[in-house]
Protein chains: 2
Amino acid sequence: MLKIAKSVEYALFAIKYMSEKENKKCSSVAEISESQNIPFDLLAKIMQKLAKGGIILSTQGIKGGYVLNCRPEQISLNRLINILDKKIQFTNCMVDNPTTNDCHRVKNCCIRNPMQKIQNRLNELFDITTVHDLIQ
Amino acid sequence: MLKIAKSVEYALFAIKYMSEKENKKCSSVAEISESQNIPFDLLAKIMQKLAKGGIILSTQGIKGGYVLNCRPEQISLNRLINILDKKIQFTNCMVDNPTTNDCHRVKNCCIRNPMQKIQNRLNELFDITTVHDLIQ
DNA sequence: TTAATTCGGACTAAAAAAGTCGTATTTATG
DNA sequence: CATAAATACGACTTTTTTAGTCCGAATTAA
Ligand code: FES
Ligand code: FES
C-alpha cells in the first residue's frame with residue numbers, strides 16, 4: 001500500500017497548530033499532543049526531528065517548547081518526508097550506486113530506468129507541494 | 001517508505017517473460033520462477049491473481065500454464081497494482097465514504113482534500129504508465 | 001530546589017508484506 | 001484407468017516496517 005507515514009501526518013497537524021499560534025509564542029509537546037490527539041511520546045520524537053531538520057526551534061527547560069522557524073509555504077512535502085527519515089523508493093535499485101546486495105537483478109534490470117522516471121515525477125510533485133498547500 | 005510491492009515487481013518480470021515467448025506458447029510457473037529467480041509459491045499466487053484479473057489465461061493439467069491475454073501496452077500500472085490487491089492510499093481517509101472508524105479526524109480533516117489532489121495526480125501517472133513502458 | 005520541559009536512545013507492539021505449505025482439482029499421456 | 005505434471009486456493013509462518021512506549025538525563029524559569 002502506497003501510504004504517507006503517520007508521522008508525516010502528525011507533523012502536518014503540529015505545524016498547523018504552531019502556525020496558528022498568536023504572536024510567535026512557543027508550544028509544548030503536551031499542548032499539541034492533547035489538542036491534536038497525537039500520542040505524546042511519538043509526537044515528542046517527531047518534534048525533535050523537525051527541530052534537527054531546521055523547521056522549528058526548540059527552547060528547553062520549564063516554559064520551553066517549539067516555534068516555527070519558517071513559514072509553511074517554504075517547506076516542501078519532500079523535505080518534511082526526508083526530515084522524518086521516510087523515503088520514496090519504488091524499488092530496491094532506486095539508489096545512487098545499486099549493488100547486487102540491494103537486488104540481485106541489478107546488473108541487468110530492465111525496470112530500473114523506467115521506474116526511476118516515474119519516481120522522479122512523484123518527487124517533483126512532492127517538491128512543489130508545500131506544507132501550506134496541505135494544511136490550509 | 002513509498003515503495004512498489006515486490007509482487008508488482010515479480011508480475012512485471014513474469015509478464016516480460018511471457019511476452020517474449022515465441023508463438024503464444026504457454027509458460028508454467030516453474031519455468032518462470034526458475035528463469036526469473038522468483039519464489040515458486042509466491043509467483044504461483046501472483047499468477048492466479050493475474051489470471052483472475054484477466055491479464056493472463058490459464059490452462060490446467062499437465063502441459064498447462066499461462067499465456068498473456070493482452071499486450072503489455074494495454075495494461076496500466078494502476079490496473080496491475082489493483083489486480084494484485086495493492087492500493088494507493090495516502091491517508092486512512094482516502095476512501096469513498098470515510099467514517100470516524102477510518103480516522104477520528106475525519107469530520108474536520110484539513111488535509112483530506114489537498115492530499116486527495118496529490119494522490120489523484122499519482123493515480124493519473126500510474127494510469128498512463130503501461131506495463132510495456134516498464135519492461136522494455 | 002523543584003517542577004515542567006526538551007533530549008535521546010532503547011525497547012515493545014502492531015500491522016503489513018513476503019514467503020511457505022498442504023491439499024484438492026485438472027488433464028495429457030502411456 | 002493410473003500417473004504425473006500442472007493450476008487452484010486457503011491457511012499458515014516469518015520477516016520487515018511502522019507505530020507507539022518507556023526511561024533516565026539535561027535544561028531552565030520561578
Ligand atoms: S528491481 Fe532489482 S535491480 Fe531493479
Ligand atoms: S487524516 Fe484522518 S481524516 Fe484525514
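Note: hydrogens, waters and symmetry copies are ignored here, and every other heavy atom, side chains too, is used. Every chain is numbered from 1, with letters handed out A, B, ... down the list of sequences.
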Kindly determine whether B:Leu134 and B:Val131 satisfy side chain to side chain contact (heavy atoms under 4.5 Å, CB included), including the steps that lead there.
-> CA-CA 5 Å; B:Leu134 292 169; B:Val131 168; 5.6 Å; no

From A:Arg105 CZ over to B:Ile38 CD1, what is the distance, rounded to the nearest 0.5 angstrom?
-> 5.5 Å

For A:Tyr66 and C:dC7, is the shortest distance between a side-chain N/O and OP1 or OP2 below 4.0 Å?
-> yes

How would you label the contact of B:Lys49 with the nucleic acid (heavy atoms, under 4.0 Å): base, sugar-phosphate, or nothing?
-> nothing

Specify the separation, in whole Å, of atom CG of A:Leu42 and atom P of C:dG8.
-> 17 Å

Please state how far atom CE in B:Met1 lies from atom P in C:dA16, giving the value in whole angstrom units.
-> 16 Å

Does a distance-only test, which skips hydrogens and angles, find a donor-acceptor pair under 3.5 Å between the side chain of A:Lys45 and the base of C:dG8?
-> no

In whole angstroms, the gap separating P of C:dT5 from CD of A:Glu34 amounts to 10 Å

Side-chain N or O of A:Thr59 less than 4.0 angstrom from OP1 or OP2 on D:dT27?
-> no

Could you give the NZ-to-P distance, from B:Lys3 to D:dT17, as a whole number of Å?
-> 7 Å

Between B:Tyr66 and B:Leu42, is there a shared hydrophobic cluster once you connect ILVMFWY residues whose side-chain heavy atoms come closer than 4.5 Å?
-> yes

Within a reach of under 6.0 Å around CG of B:Asn23, are more than 12 heavy atoms found that belong to other residues, nucleotides or ligands?
-> yes

Roughly how many Å is it from NZ in B:Lys63 to P in D:dA5, rounded to a whole number?
-> 12 Å

Tell me: CG of B:Leu50 to C1' of D:dA8, nearest whole Å?
-> 14 Å

If you find the nucleotide of DNA chain C closest to A:Phe40 and the one closest to B:Ile4, which residue's nucleotide is nearer the 5' end?
-> A:Phe40

To the nearest angstrom, how far is A:Lys6 atom NZ from C:dA14 atom P?
-> 14 Å

Look at all strands and tell whether A:Ala5 reaches a base, only sugar-phosphate, or nothing, counting heavy atoms closer than 4.0 Å.
-> sugar-phosphate

Integer-rounded Å distance: D:dT16 P and B:Leu2 CG = 20 Å

Among the candidates C:dC21, D:dC22, D:dT28, find the nucleotide nearest to the side-chain atoms of A:Gln60.
-> D:dT28

